[in-house]
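All chains are named by letter (A, B, ...) in the order of the sequence lines, taking the proteins before the strands, and each is independently numbered beginning at 1. All figures in this text were calculated on a predicted structure; none of them were measured in a lab.
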Number of protein chains: 2
Amino acid sequence: MRKLTKEEYIETIHVLQKENGRAKTGHIAEHMGVRPPSVTQMLAKLQGEGLVEYEPYLGARLTPAGAKIARELMARHRVIANFLVILGIDREAAEKDACAMEHHMTGESAVRLKKFVEFIQTAPRDPQWVGKFLKYCETGERECGEK
Amino acid sequence: MRKLTKEEYIETIHVLQKENGRAKTGHIAEHMGVRPPSVTQMLAKLQGEGLVEYEPYLGARLTPAGAKIARELMARHRVIANFLVILGIDREAAEKDACAMEHHMTGESAVRLKKFVEFIQTAPRDPQWVGKFLKYCETGERECGEK
DNA sequence: CCTAATCGTTAGGTATGCCTAAATAATATA
DNA sequence: TATATTATTTAGGCATACCTAACGATTAGG
């Protein structure tokens with residue numbers, strides 16, 4: 001797999017913490033496809049930055065600062081994944097692709113995409129153009145009566 | 001700036017090559033915000049992978065394999081930037097954000113986004129919902145007559 | 001309780017991409 | 001042509017994120 005970032009560790013810890021109360025080294029490693037020593041090392045680093053609290057042999061928990069970052073990331077993830085689903089990508093692939101993208105989408109673009117997804121999802125009715133778009137993808141043809 | 005990838009070097013070389021015939025170390029460095037030695041080093045690496053041909057003190061040119069990658073990247077970049085512009089981001093910011101995203105958007109998602117942009121740009125008329133969306137961004141309100 | 005298996009950490013090493021400082025090649029100028 | 005300026009490369013280091021191998025702690029079974 002590609003090189004993981006601190007943010008991705010934070011996200012994983014966030015998830016495991018909700019399941020088990022504490023995120024243990026081995027679980028994090030398994031979840032992220034790296035070896036335990038890499039996790040130990042990263043936990044030390046994150047602790048140094050005040051993002052996790054880490055008790056050797058016991059596991060890690062996010063500090064409030066770490067939890068804040070996790071929440072922001074997950075929100076971004078949700079937006080991107082939902083967008084991809086709207087475009088017709090299946091849920092599973094969308095989640096995976098969102099993982100790869102979420103750490104590189106920032107600032108104005110992220111805000112706009114969020115609004116866009118919101119705009120579509122809260123539409124009075126499922127907007128017609130979405131259906132037309134999906135049809136266009138399959139057939140390459142626009143619907144006849146399209147205005 | 002964040003850490004640059006081989007792909008970004010290839011893109012830069014592609015651009016400079018079109019301007020000057022050869023991409024010189026100093027120009028590449030300036031363009032990418034790194035120091036010349038970093039460029040020399042990367043050129044050696046890219047040459048080793050058969051992506052550029054590099055004559056010390058003269059400059060670099062992409063091999064056919066390198067040029068192919070460059071074209072694909074630029075196409076992806078164009079799609080992403082155009083999409084962001086549709087969402088109402090100004091051109092300059094869109095180009096910048098696209099740079100950050102283009103290397104992490106792959107596979108099915110890239111294909112779908114391309115189709116989506118195409119779908120909008122080739123619409124018989126500028127689709128109405130785009131205007132409605134931009135208005136929604138500004139005011140938070142949907143247009144009255146929206147169906 | 002004590003040993004065995006498991007889980008985690010420490011130690012040491014690889015790869016990548018960046019840097020500065022110093023040496024060398026190319027180019028422009030006197 | 002000789003020298004000064006500029007451009008590029010070489011040499012040596014730093015930081016990050018990963019790894020394997022070896023050691024130490026924890027937990028479970030006998």
Considering only NZ, NE, NH1 and NH2 on the basic side and carboxylate oxygens on the acidic side, decide whether B:E72 and B:K68 come within less than 4.0 Å.
-> yes

Whole-Å distance separating the CD atom of B:E49 from the C1' atom of C:dT16 | 11 Å

For B:Q41 and B:S38, does a side-chain donor sit closer than 3.5 Å to a side-chain acceptor?
-> no

Please tell me if the side chains of A:H27 and A:E19 come closer than 4.5 Å, counting only heavy atoms from C-beta onward.
-> no

Any link between B:F116 and A:F119 through a network of hydrophobic side chains (Ile, Leu, Val, Met, Phe, Trp, Tyr) touching at under 4.5 Å?
-> yes

Please report, rounded to the nearest Å, how far the C1' atom of C:dT9 is from the CG atom of A:L58.
-> 14 Å

Shorter than 3.5 Å, N or O on both sides, protein versus nucleotides 21-29 of chain C: list them out with atom names.
{"unit_1": "C:dA25", "atom_1": "O4'", "unit_2": "B:Y57", "atom_2": "OH", "d": "3.3"}

Residue pairs, two or more places apart or on separate chains, that pass ring pair (Phe, Tyr, Trp, His ring centres under 6.0 Å) and touch residues 29-56 of chain A | none

Contacts of B:S109 that satisfy side-chain contact (heavy atoms from CB on, under 4.5 Å) - sequence neighbours left out | A:L84, A:I89, A:D97, B:M105

In whole Å, what is the span from the CD1 atom of A:I28 to the C1' atom of C:dT9?
-> 14 Å

For DNA chain D, what residues of residues 15-23 of chain A have any heavy atom nearer than 4.0 Å?
-> none

Find out whether A:R76 and A:K114 are in side-chain contact, i.e. whether some heavy atom of one side chain is under 4.5 Å from a heavy atom of the other.
-> no

Treat each ILVMFWY residue as a node, draw an edge where side-chain heavy atoms are under 4.5 Å apart, and state whether B:L4 and B:I10 are in one component.
-> yes

Using atom CG of A:L43 as one end and atom P of C:dC7 as the other, report the distance to the nearest whole Å.
-> 17 Å

Test ring-ring contact (aromatic ring centres under 6.0 Å, His included) applied to A:H104 - qualifying residues, sequence neighbours left out = B:H104

Can you name the closest pair of heavy atoms from B:V52 and B:L43 and give their distance?
-> CG2-O, 3.8 Å

Quick test: give all pairs of protein nitrogen or oxygen and nucleotides 16-18 of chain D nitrogen or oxygen below 3.5 Å, distance rounded to 0.1 Å.
{"unit_1": "D:dC18", "atom_1": "OP1", "unit_2": "A:L4", "atom_2": "N", "d": "3.2"}
{"unit_1": "D:dC18", "atom_1": "OP2", "unit_2": "A:Y9", "atom_2": "OH", "d": "2.8"}
{"unit_1": "D:dC18", "atom_1": "N4", "unit_2": "A:Q41", "atom_2": "OE1", "d": "3.0"}

